[in-house]
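Everything below concerns the one structure shown next.
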Amino acid sequence: MRQKIVAGNWKMNKTLQETEELIKALQSSYTTSNTEVIIAPTYVNLYRSQELLNSSKIKVAAQNMHFESTGAFTGEISAEMLQSIGVETVILGHSERRDVFFETDEIIAKKVRKALDQNMRVIFCFGEQLEERKSNAHFEVVSSQLKSVLSALSETDWDNVVLAYEPVWAIGTGETASPEQAQEMHKHVRNEISAMSSEAVASQISILYGGSVKPANAAGLFSKEDIDGGLIGGASLKADDFLAIVDAAE
Ligand code: 13P
């Protein structure tokens, strides 16, 4: 059985006080499930989040990190820093990092390498733009994103990788990929992983869907064979909505 995961990417939202409130609301209503639940608050609030969730099943992830350990990289955060506060999971390759902050496949590959060398777990994001889907290039684009970053991984590296397909046209737009569109891509991704590593790795790896997942559409998406949960933006900022999505993954 593949691990189901629902992760909330809070992006640049929530002050310290709002972070504490949301975590408390999550804790008071969350009942342990088989689905792994992760939240990714902003850097500033990671330490406090980790403190509040110390004895909870809800895990804390970072939204990004740099590939160097230390040095003159103003504004950046290293894997070692994250680990020093107990954060062991990091989201890498998010389309907002690619499009707004110009991260290339090459940069993302270095970050993934660093995180895996540190024994951290990576939630690796990829997905096509609207024009790429319209011109029927979406499978090719996704294959290329996967290959540029993941083709050099070793058998053991894969244990620490979670994939997140996030079609850019569905992020924050209210437009979701249909369960069929998402399933079609997830199956393609699993085939690509099988070719890059092994059948065993491909059948074990969790592939999350992200892009306007809401309580109303989550169950339809998560019912598909190759969709193992979700990476949730907007709807992860409200405890009730996020927990309804977690329930939908059961
Ligand atoms: P939305 O759920 O707001 O569309 O965001 C998805 C996302 O980018 C999660 O990383």
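Counting convention: from 1, in listed order, for ligands and their atoms alike.
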> Any ring-ring contact (aromatic ring centres under 6.0 Å, His included) pairs touching residues 208-246, not counting sequence neighbours?
Replying inline: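 Applying ring-ring contact (aromatic ring centres under 6.0 Å, His included) to every pair that reaches into residues 208-246, excluding sequence neighbours, yields nothing.
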> Tell me the ring-ring contact (aromatic ring centres under 6.0 Å, His included) pairs involving residues 70-100, sequence neighbours left out?
Replying inline: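 Every pair satisfying ring-ring contact (aromatic ring centres under 6.0 Å, His included) with a residue in residues 70-100: H66-F73.
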> Looking at F67, is K111 sitting on its ring face, NZ or CZ under 6.0 Å from the six-membered ring centre and within 45 degrees of the normal?
Replying inline: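 No, a cation-pi geometry is absent between K111 and F67.
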> By side-chain hydrogen bond (donor to acceptor under 3.5 Å, both in side chains), which residues pair with D157, not counting sequence neighbours?
Replying inline: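 So D157 forms a side-chain hydrogen bond (donor to acceptor under 3.5 Å, both in side chains) with R113, S154.
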>> Closer than 4.0 angstrom, basic N to acidic O: yes or no for D105 and R98?
In response: yes
> Does a side-chain N-to-carboxylate-O contact under 4.0 Å join K4 and D228?
Replying inline: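 Salt bridge between K4 and D228, a charged N being under 4.0 Å from a carboxylate O: no.
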What are the atom names and distances for all N or O pairs under 3.5 Å between ligand 1 and the protein?
{"residue": "ligand 1", "atom": "2 (O)", "partner": "S212", "partner atom": "N", "Å": "3.4"}
{"residue": "ligand 1", "atom": "2 (O)", "partner": "G233", "partner atom": "N", "Å": "2.9"}
{"residue": "ligand 1", "atom": "3 (O)", "partner": "G234", "partner atom": "N", "Å": "2.8"}
{"residue": "ligand 1", "atom": "4 (O)", "partner": "G172", "partner atom": "N", "Å": "2.6"}
{"residue": "ligand 1", "atom": "4 (O)", "partner": "S212", "partner atom": "N", "Å": "2.8"}
{"residue": "ligand 1", "atom": "5 (O)", "partner": "K11", "partner atom": "NZ", "Å": "3.3"}
{"residue": "ligand 1", "atom": "8 (O)", "partner": "K11", "partner atom": "NZ", "Å": "2.8"}
{"residue": "ligand 1", "atom": "8 (O)", "partner": "H94", "partner atom": "NE2", "Å": "2.8"}
{"residue": "ligand 1", "atom": "10 (O)", "partner": "N9", "partner atom": "ND2", "Å": "3.0"}
{"residue": "ligand 1", "atom": "10 (O)", "partner": "H94", "partner atom": "NE2", "Å": "2.8"}
{"residue": "ligand 1", "atom": "10 (O)", "partner": "E166", "partner atom": "OE1", "Å": "3.2"}
{"residue": "ligand 1", "atom": "10 (O)", "partner": "E166", "partner atom": "OE2", "Å": "2.9"}

